[in-house]
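First the structure, in the form of structure tokens, and then the observations on it.
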Amino acid sequence: MKSSLDNNRLKGLSLFSCAGIAEHFLQDLGIDIIAANELIKERADLYQYLYPKTKMICGDILSNEIFEQIVEATPKKLDFIIASPPCQGMSVAGKNRNEQQMLGDERNYLVFKAIELIKIKNPDFAIIENVPEFLKIKLPYKGSLFGITEILSQEFSDKYTIEPNIYDAAEYGTAQNRQRTIIKIYNKSAIWSQPDKLPKKTVKDTIGNLPSLEAGQSSTIKWHFARKHSPEHIEWMRHTPTGQSAIDNPIFYPKKKNGERIKSYNTTYRRIKWDTPAPTITMRNDAISSQLNVHPGRPLGNGLYSDARVLTPLELMLLSSLPYNWAIPDNTPELLIRRCIGECIPPLLIKQIVSKIDC
């Protein structure tokens with residue numbers, strides 16, 4: 001891959017960009033994102049702050065006006081496209097939606113805008129990214145339903161190598177088990193090798209040096225502050241050891257206002273472990289009652305455990321392979337940070353994959 005010292009840098013386009021977390025290391029690899037598209041304004045604004053040289057086009061890519069702005073904002077020939085299209089899907093096991101409903105869901109057509117831009121801009125390299133189930137989804141194409149790999153093969157197999165893989169970010173230097181489908185699409189004359197796996201990092205390796213915080217407390221470290229939680233949630237988690245769920249507590253278990261025990265999976269109200277990568281960070285990483293969100297805690301010597309709270313914004317950043325000095329504005333809303341991280345592609349995973357492009 002070209003280094004940032006090379007004059008011949010690659011020109012790229014980012015689609016469904018969110019805040020651009022996945023792209024954090026691309027400039028270091030010699031890729032300049034010329035234009036980007038994001039639907040939600042507050043995410044687009046954050047992207048524009050982080051990447052001031054990129055033209056951010058905020059709006060619905062299904063709109064002809066927005067689509068034409070993307071086309072016009074980029075060179076006739078691009079080198080690189082990265083796209084993370086939301087996709088509700090046409091047929092996944094267990095989905096209770098009829099075909100007419102699914103055909104009417106515009107989200108099923110977003111990936112085709114990425115395909116259309118690949119056809120228009122002819123990049124040498126492209127990435128389409130999504131959840132692991134993306135490879136099982138059936139999408140409407142030429143009057144029938146096909147998997148994304150079949151669609152890409154019909155569109156591009158004469159020119160491009162199409163290589164779908166499922167990667168776990170924990171195997172590539174990120175202290176979080178996060179599986180993502182990455183479909184590499186690249187010119188048949190090019191070489192794009194598989195990324196090198198890296199030693200796994202644990203939660204303790206990554207955030208173990210940060211000071212303990214209880215709910216509502218702050219620290220002098222930027223973005224290391226704890227959310228406020230209800231007294232009941234705090235009490236239940238103070239009695240919950242590292243790696244365990246309050247659901248399993250014999251006395252201090254989650255209960256309704258009438259005292260009835262809450263019935264739930266033991267992935268809820270659960271502390272994560274210190275000695276493994278973190279579980280997948282979700283969009284609801286602000287809630288103790290959601291899945292696998294609570295700090296591991298430290299024994300206090302009296303049968304209780306510290307840090308009865310969800311992870312701080314800084315802890316979430318670090319566990320997603322973002323650096324301490326991620327340069328977002330000081331007034332960025334906490335929930336915006338949490339949501340963007342909850343659906344991000346860990347940037348170190350993208351770095352490991354893209355670094356294997358042989359130009």
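Looking at R284 and D286, a side-chain N of the basic residue comes within less than 4.0 Å of a carboxylate O on the acidic one, giving a salt bridge. Ion pairing of D196 with K356 is present here, as a side-chain N (NZ or NE/NH1/NH2) and a carboxylate O approach within less than 4.0 Å. A salt bridge links K138 to E150: at least one charged side-chain nitrogen sits closer than 4.0 Å to a carboxylate oxygen.
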Check the pair D307, R271 against salt bridge (charged side-chain N to carboxylate O under 4.0 Å, His left out), reporting the backbone distance first and the verdict last. CA-CA 10 Å; D307 298 271; R271 290 188 183 270; over 6 Å; no
Kindly determine whether S306 and E214 satisfy side chain to side chain donor-acceptor pair (under 3.5 Å), including the steps that lead there. CA-CA 7 Å; S306 71; E214 298 305 331; 4.6 Å; no
Using the rule given for salt bridge (charged side-chain N to carboxylate O under 4.0 Å, His left out), can you reason through K113 versus E116, listing the C-alpha separation, both sets of side-chain angles and the distance that settles it, and then say yes or no? CA-CA 5 Å; K113 305 309 286 186; E116 189 175 349; 3.2 Å; yes
Determine whether E38 and M56 satisfy the following criterion, side chain to side chain contact (heavy atoms under 4.5 Å, CB included), listing intermediate values before the conclusion. CA-CA 8 Å; E38 166 56 36; M56 165 51 70; 4.0 Å; yes
R9 vs D32, salt bridge (charged side-chain N to carboxylate O under 4.0 Å, His left out): CA-CA, chis, key distance, verdict: CA-CA 7 Å; R9 296 174 63 84; D32 296 323; 2.8 Å; yes
Salt bridge (charged side-chain N to carboxylate O under 4.0 Å, His left out) between E334 and R338, intermediate numbers included: CA-CA 6 Å; E334 177 194 352; R338 289 182 176 277; 2.7 Å; yes
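Remark: the E129 side chain and the S84 side chain contain an N/O donor-acceptor pair separated by less than 3.5 Å. S219 and H224 share no side-chain donor-acceptor pair at under 3.5 Å. Donor-acceptor pairing under 3.5 Å is lacking for the side chains of K201 and T174. Using a 3.5 Å distance cut-off with no hydrogens or angles, the side chains of S264 and T268 do pair a donor with an acceptor. Side-chain N/O atoms of K222 and N325 include no donor and acceptor closer than 3.5 Å. D205 and T202 are linked by a side-chain donor-acceptor pair at a separation below 3.5 angstrom, with hydrogens and angles left out of the test.
Residue K119 places its NZ atom among 12 or fewer non-hydrogen atoms of other residues, nucleotides or ligands, all under 6.0 Å distant.
When all heavy atoms of N187 and S189 are compared, the pair lying nearest together is OD1-OG, 2.8 Å. Residue I272 comes nearest to T242 through the heavy atom pair O-CG2, 3.6 Å, listed as atom of the first residue, atom of the second, then distance.
No side-chain heavy atom of F25 sits under 4.5 Å from any side-chain heavy atom of V354. Taking the side chain as every heavy atom from C-beta outward, L46 and R43 never approach each other to under 4.5 Å. In this structure, the side chains of I81 and I185 stay at 4.5 Å or more apart for every pair of heavy atoms. Counting heavy atoms from C-beta on, the side chains of I137 and N130 never come closer than 4.5 Å.
By the 30° and 60° cut-offs, the orientation of the rings of W192 relative to F125 is perpendicular. A perpendicular orientation is assigned to the rings of Y172 and Y167, their planes being inclined by more than 60° (bins at 30° and 60°). Ring geometry for W236 against Y269 counts as perpendicular: the plane angle is over 60°, on a 0 to 90° scale with 30° as the lower cut.
Aromatic rings of Y186 and Y160 (six-membered ring for Trp) have centroids beyond the 6.0 Å cut-off, not under it.
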